[in-house]
Amino acid sequence: MPNEAVRVRFPPSPTGLLHVGSARTALYNWLYARHTGGVLVLRFEDTDRARSTPEAIDQALRVLEWLGIDWDEGPTRQTERMDEYVSTAERLVADGRAYPCYCTAEELDAERSERQKQGLPLTYSGRCRRLTDAERRKFEEEGRTPAIRLVFDPAGETVIEDVIRGVVRWDNALQGDFIILRSDRTPTYQFANPLDDIAASITHVLRGEDLLSSTPRQLAVYRAVGAPEPRFGHLPMILGPDKKKLSKRHGAVSVEEFRDRGYLADAVVNYLALIGWSFDDRTTVMTRDELVERFTLERVNPSPGVFDEAKLEWLNGEHLRLLTPGRFTSELQRYLDLEGSALAAQPERVAEVAPIVQEKLRELSQFEGFAGFLFGPVEYDEEAVRRVVDDPDAPRALESARAALEQVADWDAEAIEEALRGACEETGLKPRVLFGPVRVAISGRTVAPGLFESLQLLGRDESLARIAALGRRFVTEG
RNA sequence: GCCCCCAUCGGCUAGUGGCCUAGGCCUCCGCCCUUUCAAGGCGGCAACACGGGUUCGAAUCCCGUUGGGGGUACCA
């Protein structure tokens, strides 16, 4: 029943941190492979030796693992296949499909600016293609080492049926012969990339739109070596809030930063899937399995999308709530360990507190500020304290709460709630008026987990002590 | 300069000629939840870039303009 086995690939160049744009490309390839039961090939394009680093490879591997993107073949590296690129280039020269080019960078620049001036496309003139043997010998004697250029037939046009953009066409006369092997004998991206895809029998090339205009040149390589052509699908770019290509100056753009800030991999995957793809007109929160089941190329959008951190944050909250309590606790503990938080040293306490914050957090990084008062002494937020001090009902609220809580026999959330509501009736104070000061008294803030659960976890003595302590402020400050 | 791509609320998007006085989600604003709130519930603001066609009928098709993006390297 599967027609043609799908074979896709993700070929990052290990020259820096894995960008969210690259991660999205990896994700779409992975989703497509998993959805179709196909194969995902991982390969590192490290022919740019000056910029490629082993650290970047490790980092990319860790990020993919964290995101839960696994691959079926590889990882391979282009530097392992150097001989292959060179011998293929030589064969193309022997076949007359490529030729040595002796032009220097300066000559090329001059040519380009001249064409620029004339309003012509900036393509290579092809002058070295017509060199005589004698001229070649002369250049060699001058010590020039040639690069190899592939002959690009200027006749007609190159047409593809892009999987997500439809028909795209280019005038072949505007392409020009391009370099496939540098003068140092290393291959260019335009050459190594298609050759590797051919070797891996890739059926679908799904990549960013920034690579759309390099398609004709790569197709020329397929044709030169007589390989069957793949389908191409160019994914929309991810933009920053200013609609420019997303970059460092927009803030966090490496996937690791989001991991370190306490985002869940599932939330990041869900969010990334939604930039450029949608399932229908109403589904937003999806698990990894749902994404795999629903992902199709037909629903990928061709227009670029802005990276919206606010929505990622919200989605992360949704995914935090989707976790089972046990899983939430372990994710939280893992995050605290990673951050080197002091709270990480009290895993039992973390496990006790986790359930009462799971409904409220959007990011794991909020935990410490949100529930730190349950781990040690309170740190009073000045603003919160002032609100209590300015409240004429506060002294009465604190005193009645203290008195009521003192009478609680079994110190659990239910009994605590009953006692505090009783205090409301007795004093005639509205719950929000009475509970507010109590909250500040025990947590030091106006924002905290559920009040009754917090009191229970804090313990009777500590709770009463904190309420009394805040009450004393009225004596000294009032 | 030249080539290519894109164009629905502030953001992500649904919409493939009539179901659209354009739907959902995020943000923002307001209200509610006899517990604050960053959680939950409810409600509100807010868009088919512009101009021509085609058609009985256009957000949807065609052309142009404008705007944005990408490419134009011995980077990938």
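Atoms considered below: every heavy atom in the structure, side chains included; atoms not considered: hydrogens, waters and symmetry mates. Chain A is the first sequence line, chain B the second, and so forth, proteins listed ahead of strands; every chain is numbered from 1.
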(request) With the side chain of A:Lys311 defined as its heavy atoms from C-beta on, choose the nearest nucleotide among B:A14, B:A76, B:C12. (result) B:C12
(message) Checking contacts here: which listed nucleotide (B:A76, B:A14, B:C26) is nearest the side-chain heavy atoms of A:Ala310?
(response) B:C26
(message) Using the P atom as the point on both nucleotides, what is the distance between B:A47 and B:G64, in whole Å?
(response) 29 Å
(message) Both A:Asp242 and A:Asp171 contact RNA chain B. Taking the nearest nucleotide for each, which residue is further toward the 5' end?
(response) A:Asp171
(message) For a quick test of reading the model, state the closest non-hydrogen atom pair linking A:Leu272 to A:Ala23 and the distance between them.
(response) CD2-CB, 4.0 Å
(request) Report which part of the nucleic acid A:Ala448 touches: base, sugar-phosphate, or nothing (heavy-atom distance under 4.0 Å, all strands). (result) base
(request) Have a look at A:Arg421 and say if it touches a base, only the backbone sugar-phosphate, or nothing, with a 4.0 Å heavy-atom cut-off. (result) base
(request) Give a yes/no on whether any side-chain N or O of A:Arg299 is located under 4.0 angstrom from OP1 or OP2 of B:U16. (result) no
(message) As a test of reading the structure: which of B:U13, B:U72, B:C5 is closest to the side chain of A:Asn301, going by heavy atoms?
(response) B:U13
(message) Please report the distance separating the C1' of B:G53 from the corresponding atom of B:U13, rounded so that it comes out in whole Å.
(response) 29 Å
(request) Looking at every strand, decide which applies to A:Gly436 at a 4.0 Å heavy-atom threshold: base, sugar-phosphate, or nothing. (result) nothing
(message) As a test of reading the structure: which of B:C3, B:G11, B:A39 is closest to the side chain of A:Lys243, going by heavy atoms?
(response) B:G11
(message) If you only use heavy atoms from C-beta on, which nucleotide in B:C6, B:G40, B:G70 is closest to the side chain of A:Asp210?
(response) B:G70
(message) For a salt bridge (Lys or Arg N to Asp or Glu O under 4.0 Å) check, start with the C-alpha distance between A:Glu462 and A:Arg466, then their side-chain angles and the critical distance, and finish with the verdict.
(response) CA-CA 6 Å; A:Glu462 183 62 22; A:Arg466 290 186 186 183; 2.6 Å; yes
(request) Assign A:Glu209 to base, sugar-phosphate, or nothing according to its heavy-atom contacts below 4.0 angstrom with the strands shown. (result) base
(message) Nearest to the side chain of A:Arg165, heavy atoms from C-beta on, is which of B:U72, B:C12, B:C6?
(response) B:C6
(message) Given B:C25, B:U72, B:C3, identify the nucleotide with an atom nearest to the side chain of A:Thr284.
(response) B:C25
(message) For a quick check of understanding: with a heavy-atom distance under 4.0 Å over all strands, which category does A:Glu318 fall into, base, sugar-phosphate or nothing?
(response) sugar-phosphate
(request) Would you classify A:Leu420 as touching base, sugar-phosphate or nothing, given that sugar-phosphate means primed atoms plus P, OP1 and OP2, and contacts are heavy atoms under 4.0 Å? (result) nothing
(request) Would you classify A:Arg112 as touching base, sugar-phosphate or nothing, given that sugar-phosphate means primed atoms plus P, OP1 and OP2, and contacts are heavy atoms under 4.0 Å? (result) sugar-phosphate
(message) Please find the pair of heavy atoms, one from A:Ser52 and one from A:Glu45, that lie closest to each other, and give the distance.
(response) OG-O, 4.3 Å
(message) Taking B:C63 as the reference, what is the distance to B:U72 when you measure between their C1' atoms (whole Å, please)?
(response) 27 Å
(request) Could you check whether the rings of A:Phe295 and A:Trp277 sit parallel, tilted or perpendicular, using 30° and 60° as the cut-offs? (result) tilted
(request) Return no unless some side-chain N or O of A:Thr283 is found under 4.0 Å from OP1 or OP2 of B:C25. (result) no
(request) Describe the nucleic acid contact of A:Gly276 in one word from base, sugar-phosphate, nothing, applying a heavy-atom distance below 4.0 Å. (result) sugar-phosphate
(request) Could you check which of B:U13, B:C25, B:C74 has an atom nearest any side-chain atom of A:Trp314? (result) B:C25
(request) Tell me what A:Glu313 touches on the nucleic acid: a base, only sugar-phosphate, or nothing, going by heavy atoms under 4.0 Å. (result) nothing
(message) Parallel, tilted or perpendicular, judged at 30° and 60°: which one describes the rings of A:Phe139 and A:Tyr102?
(response) parallel
(request) Would you mind telling me which of B:C74, B:G24, B:G69 lies closest to the side-chain atoms of A:Ile179? (result) B:C74
(request) Determine the contact category for A:Phe452: base if any of its heavy atoms lies under 4.0 Å from a base atom, sugar-phosphate if only primed atoms, P, OP1 or OP2 are that close, otherwise nothing. (result) base
(message) Strictly below 4.0 Å: does A:Ser214 bring a side-chain N or O up to OP1 or OP2 of B:G71?
(response) no
(message) Please pick, from B:A14, B:A39, B:A76, the nucleotide with the shortest atom-to-atom distance to any side-chain atom of A:Lys360.
(response) B:A39
(request) Anything under 30° is parallel, anything over 60° is perpendicular, the rest tilted; go ahead and classify A:Phe232 against A:His234. (result) parallel
(request) Between B:U60 and B:C48, how far apart are the P atoms? Round to whole Å, please. (result) 12 Å
(message) Salt bridge or not between A:Arg43 and A:Asp197? Use side-chain N to carboxylate O under 4.0 Å.
(response) yes
(message) Using a 4.0 Å heavy-atom cut-off, does A:Ser183 contact any base of the nucleic acid, only the sugar-phosphate backbone, or nothing at all?
(response) base
(message) Counting the atoms with a prime plus P, OP1 and OP2 as sugar-phosphate, which does A:Arg439 contact under 4.0 Å by heavy atoms, base, sugar-phosphate, or nothing?
(response) base
(message) Over all strands shown, is A:Leu212 touching base, sugar-phosphate only, or nothing at heavy-atom distances under 4.0 angstrom?
(response) sugar-phosphate
(request) Assign A:Ile275 to base, sugar-phosphate, or nothing according to its heavy-atom contacts below 4.0 angstrom with the strands shown. (result) sugar-phosphate
(request) Would you mind telling me which residue lines up with the more 5' stretch of RNA chain B, A:Arg362 or A:Leu451, judged by nearest nucleotide? (result) A:Arg362
